[in-house]
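Have a look at the structure below before the remarks.
What you see is a predicted model; the values in this text were computed from it and never measured. Residue indices begin at 1 and follow the sequence shown.
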Amino acid sequence: MGDDWDHVAFAPQTAFVVSVVCGPRTLRQTRALLSDFKRRTDGVLPKLITSDELSNYETVILETYGQKTPRVRNGDCGRFPNPILTPPPDLLYALLHKHRKNGRVVKIDTRIVFGTQRALDQALADSPVSTHVNTAFIERYNGTDRHRNSRKVRKTYAFSKDWDCHEEATWLSVVGYDYCWTPRTRSQHGPNGWHSATPAMLQGVTDRKWSVEEFLRYQIVPSE
């Protein structure tokens, strides 16, 4: 049936998967991801956005967070031009360009799309998880997800034969990852000192680690 990709918005500090959209790498799917992410974060502008060099991101990030700026009419005649979208002063977005040779990455370049070098340096200095622009966190999550969901393992007979089943299995893995799993590299400080915590606990959306049974029995749709 074709390719199906996971479009993922990931919070590196808490290892929390905020949004996921399954589908081909199209502008429509990227819009769906950013729209869902903005809704889930109440429209708060992230301090720093990083991604690979898929061109869709630049377009959709500007559509999602850009400000309408009026344009001056050229002369005294004619209609006033439509306003254009401009990035807000605090929007900071940088991407990675990977140079490959014989199928292996040999060099990585960083390009600032929105924002300034000074703002990027400050954001990295304030970051508790990284000192340089990278996509390592999302790539590590993708590897974990492939390990948990055999449908996504490369070169396997376990690939999905149905779109709906694939998306349902994806969300099963994502929610289990966020609520039922404690990453080795993340912990939370409590009354009795430091203890392991799930990404959802670190993100502040729950106060405990969920059991798999509790997760599977959770009633999403209220009964009538």
Side-chain angles (χ1 to χ4, degrees), residues 6-21 27 30-71 83-100 105-144 177-178 182-190 194 196-206:
D6 285 351
H7 302 70
V8 182
F10 188 80
Q13 185 172 348
T14 59
F16 185 77
V17 180
V18 183
S19 297
V20 174
V21 172
L27 199 61
T30 309
R31 286 193 177 106
L33 176 72
L34 267 293
S35 176
D36 185 66
F37 176 82
K38 186 177 181 180
R39 178 182 62 83
R40 293 177 184 270
T41 56
D42 296 329
V44 177
L45 187 66
K47 294 181 180 179
L48 171 62
I49 303 173
T50 63
S51 75
D52 59 21
E53 55 186 331
L54 182 66
S55 60
N56 293 348
Y57 290 124
E58 179 178 352
T59 301
V60 178
I61 288 173
L62 184 60
E63 290 177 354
T64 305
Y65 294 105
Q67 301 172 337
K68 289 187 176 181
T69 303
R71 291 186 293 172
I84 59 173
L85 283 175
T86 58
D90 295 334
L91 178 58
L92 184 58
Y93 167 47
L95 59 79
L96 295 182
H97 172 62
K98 297 179 180 180
H99 301 267
R100 289 181 170 84
V105 177
V106 295
K107 182 182 178 182
I108 296 178
D109 294 329
T110 300
R111 181 168 71 88
I112 300 175
V113 182
F114 300 125
T116 64
Q117 184 64 51
R118 181 177 180 180
L120 178 60
D121 292 341
Q122 185 61 53
L124 294 174
D126 295 339
S127 172
V129 293
S130 186
T131 58
H132 59 281
V133 175
N134 66 82
T135 56
F137 299 101
I138 188 64
E139 290 169 357
R140 174 62 269 179
Y141 165 75
N142 288 337
T144 300
Y177 172 93
D178 276 345
T182 53
R184 177 179 55 83
T185 57
R186 300 291 189 275
S187 59
Q188 189 177 56
H189 191 269
W194 291 93
S196 59
T198 64
M201 292 171 63
L202 296 171
Q203 194 66 33
V205 297
T206 187

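Residues that satisfy the salt bridge (Lys or Arg N to Asp or Glu O under 4.0 Å) test with Asp36, not counting sequence neighbours, are Arg39, Arg40. In this structure Ser51 satisfies the side chain to side chain donor-acceptor pair (under 3.5 Å) test together with Tyr93, sequence neighbours excluded. Applying the side chain to side chain contact (heavy atoms under 4.5 Å, CB included) criterion to Ile138, with sequence neighbours excluded, gives Val8, Phe10, Thr135, Tyr141, Asn142. For Arg31, the side chain to side chain donor-acceptor pair (under 3.5 Å) criterion is met by Glu63, not counting sequence neighbours. Checked against side chain to side chain donor-acceptor pair (under 3.5 Å), Thr69 has the following partners two or more places apart in sequence or in another chain: Thr86. Residues satisfying the side chain to side chain contact (heavy atoms under 4.5 Å, CB included) test with Thr110, not counting sequence neighbours, are Ala94, Leu96, Val133. A search for side chain to side chain contact (heavy atoms under 4.5 Å, CB included) contacts involving Val106 returns His99, Lys101, not counting sequence neighbours. The side chain to side chain contact (heavy atoms under 4.5 Å, CB included) test applied to Thr144 returns Arg140, Arg148, Tyr177, not counting sequence neighbours. Annotation: side chain to side chain donor-acceptor pair (under 3.5 Å) contacts of Thr206 (sequence neighbours excluded): Trp210.
Side-chain contact check for Thr59 versus Ser55: every heavy-atom pair is 4.5 Å or farther apart. Contact annotation: the side chain of Ile61 approaches that of Leu91 to within less than 4.5 Å [non-hydrogen atoms, C-beta and beyond].
Among residue pairs with one or both ends in residues 44-53, those qualifying as salt bridge (charged side-chain N to carboxylate O under 4.0 Å, His left out) are Arg25-Asp52; sequence neighbours excluded. Each side-chain hydrogen bond (donor to acceptor under 3.5 Å, both in side chains) pair with one or both residues in residues 7-18, not counting sequence neighbours, appears once here: Thr14-Gln203. Residue pairs that meet the salt bridge (charged side-chain N to carboxylate O under 4.0 Å, His left out) test with at least one member in residues 120-139, sequence neighbours left out, are Lys98-Glu139.
No donor-acceptor pair under 3.5 Å is formed between the side chain of Gln188 and the backbone N or O of Ser196. Remark: the backbone N or O of Ala123 is not paired with any side-chain donor or acceptor of Ser127 at under 3.5 angstrom.
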